[in-house]
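These notes concern the structure reproduced below.
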Amino acid sequence: MATIRVTPNLLAMPPPLRSLILTHHILYLPSRTFATAKPPRPRRSSIPPPFPGFGPELPLDPTEVYLPPLESTSYLPPPSNDPNGIPFPAPPPPANSLAKATEIFTSSKGGPKFLYSAGRFLELPVNTHTPEICLIGRSNVGKSTLINALSGLLGASARNSHGVVARKQGSAITSRKAGCTVTLNGYGFGTPPPEDADALAEKSREIKAKREAMVKGATRAARRGAQKEYMQREKPRRFALIMVDMPGYGLGSKKDWGLEIQKYLAKRQMLKGAVVLIDAEAGVKDQDRMVLGNLRDNGVRTMVVLTKGDKVVDYAMVEQRKKDAAAAAAEGAEGRKVAEERIHEVLVGVWKELRRVERRSLTWLEGEEKGWEREVWVTGAGDPRNGGLGVETARWAICRLAGLVEDKRKIVVPGLDTVEKVKKGVPKVVEVKEPEIVSFDDIELAIARENARPKKRLHPSF
């Protein structure tokens, strides 16, 4: 049979032989070339994984032991009396509230749903009842990928979401090129709680009154004003939470985007908090410091999430494999140890920067309602092996930031004693002073100094 390599020589063949070879190629093409079946839709998962914060995709080999790539997916700063300054893992969220957060983001009934795309702040729809959480970060830090992973897209499907089909499915558009997101994009998640009957009756009366004003208006200006107000009315609540994907700052950004983002942070009524995404590979940059200052000036509650944590783990594994290829059994543990050290360095830098920004404010304080959260979360939304590192716990953290779930964890910190509760369930750690530890050499030196001092003369009567 003729192959494709002889195709350029068809022009040199006689016409009858040429048509015979072309007919033979067309008839014997594989049938899958003409397949018209639609490609499978990206999988969405709402099954809680066996390890909190790690995806449900376990190794195919049943004899292989599954080891999470990191010790935890959230960390708290070390106490002030810790000489090593190593962050310690935070306790996992409660199982019931974790399942509730997963249901909000992955429910087939309540989303995800693409709501709007606004180029300006004035183009945003009116919202006075649904809590909003915005994602802010540098260009290509993984904001859209994280939104897709939160909605249940697994692994590579979260970071490879393109075209109109992805938009119809409610997914965020992703791209390897920086500056793909150029507008304020809103996404709805979850089903709203049932409303009170009296509130529904009051809304219906208001709508009826506006319609009557449109018909019975005394003047044309009054009818036009009533019609404009009725057309711009707020729609009934349809979702439990709205996530707003912001344009990235830095490479490929524009000055107008920053102005609209500042308007949103300062004037949006239902904004419950901002999630600042920081690249775990690059750490804190100058643009991140600027954004943290803007959040402080506008009094926006702030939570920090590290992205691309899976890449840090992969890089550590590759480097460890290059150093000692023979130690295959221990390379996994050593690679995870190196990855933990890198994550700890970035975490310490984040807390240092947050406290530096805090010094210029009297209200944007650590652990306060209009301040910043101590707990930092680590994610790897595009990890194809684990279904998204830390995505499940990130869902819970965002729901807690929006006030949809409560934080009932008891945090026990080495060197700290108890945990008190403040407003809206935010844990506050109370520091207890520990007795000072003195070495034996210091005791002997103190005794020698005491003996060397001149004795005071007592009164003769003694």
Side-chain angles (χ1 to χ4, degrees), residues 43-57 68 72-74 76 89-113 115 127 129-135 146-154 158 170-172 186-196 236-244 270-275 301 303-305 369 373-379 381 386-411 419 421-427:
R43 294 180 298 163
R44 297 187 185 272
S45 171
S46 59
I47 303 175
F51 298 93
F54 302 95
E57 297 183 0
S72 176
T73 56
S74 63
L76 289 168
N96 55 352
S97 60
L98 194 65
K100 181 180 179 180
T102 303
E103 178 67 19
I104 290 175
F105 276 97
T106 61
S107 173
S108 59
K109 183 184 298 184
K113 177 69 174 178
L115 301 180
N127 179 22
H129 44 51
T130 306
E132 292 186 2
I133 300 294
C134 66
L135 294 182
L146 180 60
I147 287 182
N148 292 337
L150 293 174
S151 66
L153 286 178
L154 297 179
S171 302
Y187 301 88
F189 295 94
T191 55
E195 296 188 29
D196 189 13
R237 184 174 180 180
R238 300 164 52 197
F239 301 97
L241 173 67
I242 294 178
M243 297 286 296
V244 181
M270 292 304 298
L271 179 61
K272 299 299 181 181
V275 179
R301 190 177 174 188
M303 181 180 75
V304 176
V305 173
E369 182 179 357
E373 295 194 358
R374 308 171 70 247
E375 193 169 0
V376 178
W377 305 82
V378 182
T379 63
N386 299 316
L389 168 66
V391 171
E392 188 183 23
T393 51
R395 295 188 189 118
W396 181 85
I398 292 174
C399 289
R400 183 190 65 174
L401 189 64
L404 301 178
V405 296
E406 295 182 357
D407 187 3
K408 298 182 179 180
R409 298 175 299 170
K410 183 178 180 181
I411 300 177
V419 175
K421 292 289 182 178
V422 295
K423 296 180 180 179
K424 296 202 174 183
V426 179

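These figures come from a predicted structure and were not determined experimentally. What you see below is based on every heavy atom in this structure, not just the backbone, and it leaves out hydrogens, waters and symmetry mates.
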For the pair Val378 and Val376, evaluate side chain to side chain contact (heavy atoms under 4.5 Å, CB included) and give the outcome as yes or no after the intermediate values. CA-CA 7 Å; Val378 182; Val376 178; 5.6 Å; no
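- In terms of heavy atoms, Cys399 sits closest to Ala101 at SG-CB, 3.8 Å.
- Between Pro89 and Ser72, the shortest heavy-atom contact is CB-CB, 3.5 Å.
- Nearest heavy atoms, Ala149 versus Arg395: O-NH2, 3.2 Å.
- Residues passing the side-chain hydrogen bond (donor to acceptor under 3.5 Å, both in side chains) test with Trp377, sequence neighbours excluded: none.
- When every heavy atom of Leu271 is checked against every heavy atom of Cys134, the shortest pair comes out as CD1-SG, 3.9 Å.
- Among all heavy-atom pairs drawn from Thr379 and Ala394, the shortest one is CG2-CB, 4.0 Å.
- Atom CZ of Arg409 and atom OG of Ser97 lie 9.0 Å apart (nearest 0.5 Å).
- The line from CZ of Arg301 to CD of Glu373 is 4.5 Å long, rounded to the nearest 0.5 Å.
- The shortest side-chain heavy-atom distance between Arg238 and Pro192 does not fall under the 4.5 Å cut-off.
- Here the straight-line distance linking atom CZ of Arg400 with atom CG of Asp407 works out to 5.0 Å at 0.5 Å rounding.
- Rounded to the nearest 0.5 angstrom, Leu241 CG and Ile104 CD1 are separated by 7.0 Å.
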Begin with the C-alpha distance, continue with both residues' side-chain angles, and end with the deciding distance and a verdict on side chain to side chain contact (heavy atoms under 4.5 Å, CB included) for Met243 and Ile398. CA-CA 9 Å; Met243 297 286 296; Ile398 292 174; 3.8 Å; yes
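- In this structure, OG1 in Thr102 is found 12.0 Å from CH2 in Trp396, a value given to the nearest 0.5 Å.
- At a threshold of 4.5 Å between non-hydrogen side-chain atoms, the residues Thr393 and Pro92 do not count as touching.
- Here the shortest heavy-atom pairing between Ser151 and Pro112 reads CB-CG, 3.6 Å.
- With hydrogens and angles disregarded, no donor-acceptor distance shorter than 3.5 Å links the side chain of Arg237 to the backbone of Thr130.
- Remark: Glu392 CD to Leu150 CG distance equals 11.5 Å, nearest 0.5 Å.
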